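Being a predicted model, the structure only gives us computed values, none of them experimental. One is the number of the first residue; the rest follow in order along the sequence.
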Amino acid sequence: MLVKAARSEGRKVGFVPTMGALHVGHISLIEAAVTECDCVVVSIFVNPTQFGPGEDFEKYPRPLEADLDICRKCGVDAVFVPTPEQMYPTENITWVNVEKLTETLCGASRPGHFRGVATVCAKLFNIVGADVAYFGQKDAQQAVVIKRMVADLNIPVDIVVCPTVREESGLAVSSRNKYLTEEQKKDATLIYKSLQNCREMIEAGTTDIGTITTDMRKILSQAPSIQIEYVSIVDAESLQKLDKIIGKVLAAVAVRIGPARLIDNIVVDIK
Ligand code: PAF
């Protein structure tokens with residue numbers, strides 16, 4: 001109703017889909033929406049269909065009151081907090097499967113994850129009916145997948161991708177940082193260090209991707225607590241593997257540290 005009324009009055013409606021446990025990264029998306037739109041909706045839904053067996057669905061933090069407080073303070077107009085039964089009232093047998101883009105990076109080790117993300121985002125876009133939706137660059141593959149889904153399915157929503165928010169140490173802000181001890185958090189700063197090193201190597205003219213990723217792996221292995229899942233440099237749009245640096249590339253890292261799986265990335269565009 002609120003969204004319908006706002007849109008019928010020609011007001012621009014912004015939407016920030018989240019799984020809650022809101023932090024400064026989410027706040028930057030909400031602030032962008034509040035600045036650029038006349039009416040802002042935030043959804044809080046820990047989406048079961050994007051978690052695989054053995055992942056952290058049950059223990060994912062759900063501090064609803066604190067989240068609602070943040071939304072109020074940021075000037076959000078409405079918060080949508082559905083239950084799993086409301087989102088999936090019957091067995092879900094209709095899925096949105098974005099091919100190719102979901103086969104690399106996180107998609108390779110989290111089968112079904114992006115199918116769950118794309119499906120819930122399509123549902124949320126239909127339910128909320130906003131003009132523009134905001135996503136974080138930290139989940140780079142998610143942003144590419146959602147942009148493609150919206151284009152392929154002609155979903156009438158613009159996708160805005162906002163920069164990754166980092167702690168002073170360089171560590172990308174994530175709800176999953178809560179799982180880390182202080183020591184593990186210190187180790188986790190090597191993730192961004194490896195990405196910065198990658199940028200420096202590319203800017204200094206290194207084009208061989210094997211050479212760059214070997215160096216990145218060396219940096220990450222300075223902390224024995226870090227288990228590397230992938231260190232990849234791919235084309236920033238197709239997400240396909242490259243041998244040489246060419247055009248706009250996405251350097252992406254996924255690691256496990258203790259109980260947490262952490263991801264981070266940078267985009268490097270050498271003209
Ligand atoms: O990025 C997230 O928090 C989730 O993947 C999203 C987009 C809210 C879908 O559940």
Side-chain angles (χ1 to χ4, degrees), residues 24-25 28-29 32 36 98-110 113-114 117 132-152 158-174 177 187-223 226-255 257 261-271:
V24 286
S28 75
L29 303 182
E36 292 162 20
V98 180
E99 297 174 356
K100 293 188 179 165
L101 299 175
T102 58
E103 285 159 15
T104 55
L105 306 174
C106 294
S109 57
R110 299 186 76 189
H113 169 68
F114 287 112
V117 170
V132 42
Y134 293 80
F135 288 83
Q137 173 62 26
K138 203 202 121 235
D139 296 311
Q141 188 172 18
Q142 169 170 282
V144 171
V145 167
I146 295 301
K147 273 193 190 164
R148 184 58 182 254
M149 172 189 81
V150 160
D152 283 356
D158 291 333
I159 302 299
V160 171
V161 182
C162 298
T164 302
V165 177
R166 300 184 180 283
E167 295 189 359
E168 226 173 284
S169 65
L171 177 64
V173 173
S174 160
N177 292 351
D187 293 346
T189 61
L190 291 172
I191 302 169
Y192 189 51
K193 287 213 178 86
S194 75
L195 290 165
Q196 281 175 307
N197 185 71
C198 164
R199 183 187 296 286
E200 281 159 21
M201 287 180 86
I202 296 174
E203 285 174 356
T206 311
T207 57
D208 181 61
I209 286 181
T211 309
I212 302 171
T213 54
T214 302
D215 255 45
M216 292 171 74
R217 284 174 173 275
K218 265 189 212 145
I219 293 173
L220 292 167
S221 49
Q222 284 167 19
I226 294 185
Q227 280 171 267
I228 298 173
E229 192 182 287
Y230 64 74
V231 173
S232 297
I233 300 179
V234 296
D235 178 84
E237 262 144 49
S238 71
L239 306 184
Q240 297 308 302
K241 280 230 154 112
L242 299 167
D243 295 325
K244 297 260 171 243
I245 299 294
I246 176 160
K248 194 164 157 189
V249 298
L250 175 77
V253 172
V255 302
I257 304 184
R261 180 181 181 278
L262 303 177
I263 58 171
D264 198 356
N265 68 84
I266 54 167
V267 172
V268 189
D269 191 5
I270 296 283
K271 291 268 159 50

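Tested against Leu190, the residues Val253, Ile226, Val255 include a single side-chain contact (heavy atoms from CB on, under 4.5 Å) partner, Ile226.
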I'd like to know whether Ile228 forms a side-chain contact (heavy atoms from CB on, under 4.5 Å) with Arg217, so could you lay out the CA-CA distance, the side-chain angles of the two residues, the decisive distance to 0.1 Å, and finally the verdict. CA-CA 8 Å; Ile228 298 173; Arg217 284 174 173 275; 3.8 Å; yes
Test side-chain contact (heavy atoms from CB on, under 4.5 Å) on Cys106 and Arg261; report intermediate values, then the result. CA-CA 11 Å; Cys106 294; Arg261 180 181 181 278; 3.3 Å; yes
Test side-chain contact (heavy atoms from CB on, under 4.5 Å) applied to Ile191 and Ile263, step by step: CA-CA 8 Å; Ile191 302 169; Ile263 58 171; over 6 Å; no
Candidate pair Thr104 and Tyr230, rule side-chain contact (heavy atoms from CB on, under 4.5 Å), full reasoning: CA-CA 10 Å; Thr104 55; Tyr230 64 74; over 6 Å; no
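Contact annotation: the side chain of Glu36 approaches that of Tyr134 to within less than 4.5 Å [non-hydrogen atoms, C-beta and beyond]. Annotation: side chain of Thr102 is not in contact with side chain of His113 (no heavy-atom distance under 4.5 Å). Taking the side chain as every heavy atom from C-beta outward, Leu262 and Asn177 approach each other to under 4.5 Å. A heavy-atom distance below 4.5 Å is not found between the side chains of Val98 and Asp152.
When all heavy atoms are compared, the tightest approach of Cys162 to Leu29 is CB-CD2, 3.4 Å. Residues Leu250 and Ala140 come closest through the heavy atom pair CD1-CB, 3.8 Å. The two residues Lys138 and Val173 make their nearest non-hydrogen contact at CD-O, 3.6 Å. For the residue pair Ile266 and Leu195, the shortest heavy atom distance occurs at CD1-O, 3.1 Å. Pairing each heavy atom of Val144 with each of Ala236, the nearest pair is CG2-O, 3.9 Å. Heavy-atom minimum distance, Ala143 versus Gly136: CB-O, 4.5 Å.
The main-chain N or O of Gln141 is never found under 3.5 Å from a side-chain atom of Asn265 such that the two would form a donor-acceptor pair. Looking only at distances, no side-chain donor or acceptor of Gln240 sits under 3.5 Å from a matching main-chain atom of Val234.
Rounding to the nearest 0.5 angstrom, the gap separating the CD atom in Gln137 from the OG1 atom in Thr164 is 5.5 Å. Atoms CD1 and CE, from Ile233 and Met216 in turn, are 5.5 Å apart once rounded to the nearest 0.5 Å. Rounded to the nearest 0.5 angstrom, Leu105 CG and Asp139 CG are separated by 12.0 Å. In this structure, the separation between CD1 on Ile212 and CG on Asn197 is 9.0 Å, given to the nearest 0.5 Å. Taking OH of Tyr192 as the reference point, atom CZ of Arg199 lies at 6.5 Å (rounded to 0.5 Å). Lys193 contributes atom NZ, which lies 12.5 Å from atom CG of Asp264 (distance to the nearest 0.5 angstrom).
Annotation: Ile246, atom CD1; neighbour count of heavy atoms from other residues, nucleotides and ligands within 6.0 Å does not exceed 12. No more than 12 heavy atoms of other residues, nucleotides or ligands lie within 6.0 Å of CD in Glu99, so this atom counts as exposed by the packing criterion. Crowding of Arg110 atom CZ: a count of heavy atoms from other residues, nucleotides or ligands under 6.0 Å exceeding 12. The environment of CD in Glu237 is sparse: at most 12 heavy-atom neighbours from other residues, nucleotides or ligands sit within 6.0 Å. Within a 6.0 Å sphere centred on NZ of Lys244, heavy atoms belonging to other residues, nucleotides or ligands number more than 12.
Looking at Ser238 and Asp235, their side chains do bring a donor and an acceptor atom within 3.5 Å of each other. Side chain to side chain, Ser109 and Glu229 meet the donor-acceptor criterion of an N or O pair below 3.5 Å.
Legend: residues meeting salt bridge (charged side-chain N to carboxylate O under 4.0 Å, His left out) with Asp243, ordered by chain and number and at least two apart, are absent.
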